[in-house]
Amino acid sequence: MLGDVDTSTVVDAFTFFDPSLIDYFWTSAKTKADPVATASAHLNAAYEFADRTFGGVDVVCLHSSATRRAR
């Protein structure tokens, strides 16, 4: 989960965990860090990783190559 959502949303997404366990961990995590700021930092780190990893890839070339193979 990314962002400030209710515990019930997390419980719905992770049905294989005990709801009381999710409530404990989700609530305690929200007291340690702002969920919106944490989500923003996570997304920024993901974008930076993608830029470092795939920044030099010619997307147009990949698209045309994949299109030719799909025909």
Side-chain angles (χ1 to χ4, degrees):
M1 293 280 129
L2 291 176
D4 192 10
V5 298
D6 292 330
T7 303
S8 63
T9 303
V10 183
V11 169
D12 289 343
F14 296 97
T15 58
F16 44 88
F17 290 112
D18 183 293
S20 64
L21 184 66
I22 291 173
D23 181 54
Y24 170 76
F25 282 114
W26 188 250
T27 305
S28 65
K30 287 172 67 171
T31 65
K32 295 178 174 119
D34 175 43
V36 175
T38 303
S40 177
H42 174 79
L43 289 174
N44 286 334
Y47 286 135
E48 289 172 9
F49 171 79
D51 287 342
R52 281 192 318 273
T53 306
F54 306 109
V57 175
D58 184 359
V59 178
V60 174
C61 179
L62 283 178
H63 176 68
S64 64
S65 175
T67 303
R68 280 193 302 270
R69 279 189 246 141
R71 291 181 188 165

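This one's a predicted model, so the numbers in the text were calculated from it and none came from an experiment.
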Would you call the rings of F14 and F17 parallel, tilted or perpendicular, taking 30° and 60° as the class edges? tilted
If we ignore hydrogens and angles and just use 3.5 Å, is the side chain of T53 paired with the main-chain N or O of A50 as donor and acceptor? no
Contacts of S20 that satisfy side chain to side chain donor-acceptor pair (under 3.5 Å) - sequence neighbours left out: D18
Can you sort out the partners of D6 under side-chain contact (heavy atoms from CB on, under 4.5 Å), two or more places apart, ordered by chain and number? S8, T9
Using modelled atom types and a 3.5 Å cut-off, is there a donor and acceptor pairing between side-chain atoms of W26 and backbone atoms of V5? yes
Could you name each residue pair satisfying salt bridge (charged side-chain N to carboxylate O under 4.0 Å, His left out) that touches residues 22-37, not counting sequence neighbours? D4-K30
